[in-house]
Amino acid sequence: MTSIVDSKTAARAYKSCLKEKGAAECLTQRAQVVKGVSAAVKDECSPYTEDFFGCFMHRYRLSSCTDATVKNMLKCQEKLAGTILSVE
C-alpha cells in the first residue's frame, strides 16, 4: 500500500527525472506516480466512491442520491490528486 507521502516523493523524483533525462527515460518513475496517486485517491475517497456506486446500483432511485453524491466524489478525487501532484 502506498502512502500519500510516498506518492509525493515519487512525484518529485519523476519531475526531477524529466528535467534531467526527458520523458522517454522516466517511464518507471511515471508508473510509480500513477500507481501511488491512484492508490491514495482510492483509499482516501472510498466513502464517496461507495456512496456513488450505491446510487449507481439502485439506478439513482434512493432519496440520498443527488448531484451532490457525484460532486463530492469528484471533488475529493480532484483535490487529493492535485495536492499530491503539486510538488515543488
Residues 58-69 side chain polar contacts: donor-acceptor under 3.5 Å, at least two apart:
residue	atom	partner	partner atom	Å
His58	ND1	Gly54	O	2.9
Thr66	OG1	Ala68	N	3.2
Thr69	OG1	Ser64	O	3.3
Thr69	OG1	Thr66	N	3.4
Thr69	OG1	Thr66	O	3.4

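Closest approach of Lys8 to Ile84, counting heavy atoms only: CG-O, 3.6 Å. Across Ser86 and Thr83, no two heavy atoms sit closer than the pair OG-O, 3.1 Å. Contact detail for Ile4 and Glu44: the closest heavy-atom pair is CD1-CG, 4.0 Å.
Put simply, OH on Tyr48 and CD on Gln77 are 11.5 Å apart, with the number rounded to the nearest 0.5 Å. Note: Cys45 SG to Met73 CE = 9.0 Å, rounded to the nearest 0.5 Å. A distance of 9.5 Å separates CG of Asp43 from OG of Ser38, quoted to the nearest 0.5 Å.
When the side-chain contact (heavy atoms from CB on, under 4.5 Å) test is applied to Tyr14, the partners found at least two apart in sequence or on another chain are Leu18, Cys26, Gln29, Arg30, Val33. With sequence neighbours excluded, the residues forming a side-chain contact (heavy atoms from CB on, under 4.5 Å) with Ser16 are Glu20, listed by chain and number.
More than 12 non-hydrogen atoms from other residues, nucleotides or ligands lie less than 6.0 angstrom from CZ of Phe52.
Residues Val37 and Leu85 have side chains in contact (heavy-atom distance under 4.5 Å, counting atoms from C-beta outward).
When only modelled atom types and interatomic distance are considered, Ser3 and Asp6 share a side-chain donor-acceptor pair under 3.5 Å.
Val41 and Val34 are not part of a single hydrophobic cluster, where members link through side-chain heavy atoms under 4.5 Å apart.
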